[in-house]
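Structure first, then comments.
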Amino acid sequence: ASVCASAELTDEKMLTARVGEWQVLVVRSGDGLSAFNDCCPHQSARLSEGRLRRGALMCPLHGARFDLASGRCVGAG
């Protein structure tokens, strides 16, 4: 499913969209685009309310960091 044209999303910005039953978060960092479920697996916080820092997306609730390139959790809050 198409969320937006890649040119619409500037560097270090986030966009959310509904894709089927999922709320999806799309992030641009440099030349890369990443897509995440907009729900932290820990306590269901909206990751779109977090912030981007050093190539990671931070959960607004408990500070867990998710690597933009792989999606893996790379640090707890």
Side-chain angles (χ1 to χ4, degrees):
S2 179
V3 173
C4 71
S6 63
E8 293 177 40
L9 197 58
T10 58
D11 193 26
E12 300 297 316
K13 298 296 179 191
M14 299 185 277
L15 172 105
T16 59
R18 192 116 184 112
V19 179
E21 295 184 22
W22 296 91
Q23 187 70 19
V24 176
L25 170 64
V26 180
V27 179
R28 176 179 291 281
S29 183
D31 292 334
L33 290 170
S34 302
F36 293 86
N37 178 349
D38 190 23
C39 183
C40 180
H42 179 241
Q43 289 187 351
S44 302
R46 294 236 179 252
L47 292 175
S48 58
E49 294 176 5
R51 60 189 174 147
L52 298 173
R53 188 169 179 176
R54 292 179 279 173
L57 175 61
M58 296 180 70
C59 175
L61 187 60
H62 66 287
R65 294 180 8 254
F66 298 90
D67 180 71
L68 293 178
S70 69
R72 291 181 38 206
C73 183
V74 293

Would you give the length of the straight line joining atom [atom1] of [X] to atom [atom2] of [Y], rounded to the nearest 0.5 angstrom?
| X | Y | atom1 | atom2 | value |
| --- | --- | --- | --- | --- |
| Leu52 | Lys13 | CG | NZ | 9.0 Å |
| Thr16 | Leu47 | OG1 | CG | 11.5 Å |
| His42 | Cys73 | NE2 | SG | 9.5 Å |

Side chains of residues 24-37: which donor-acceptor partners sit under 3.5 Å, not counting sequence neighbours?
from  : atom 1 : to    : atom 2 : distance (Å)
Arg28 : NE     : Leu9  : O      : 2.5
Arg28 : NH2    : Ser6  : O      : 2.8
Ser29 : OG     : Glu12 : OE2    : 3.1
Ser34 : OG     : Leu68 : O      : 2.5
Asn37 : OD1    : Cys39 : N      : 3.3

For the side chain of Asp67 and the backbone of Val74, is there at least one donor-acceptor N/O pair under 3.5 Å apart?
-> no
Closest non-hydrogen atoms of Cys40 and His62, given as atom of the first, atom of the second and distance, are SG-CE1, 3.2 Å
Grab the two heavy atoms, one from Met14 and one from Gly50, that are nearest each other, plus how far apart they are.
-> CE-O, 3.5 Å
Can you run down the salt bridge (Lys or Arg N to Asp or Glu O under 4.0 Å) pairs that involve residues 50-59, sequence neighbours left out, and say none if there aren't any?
-> none
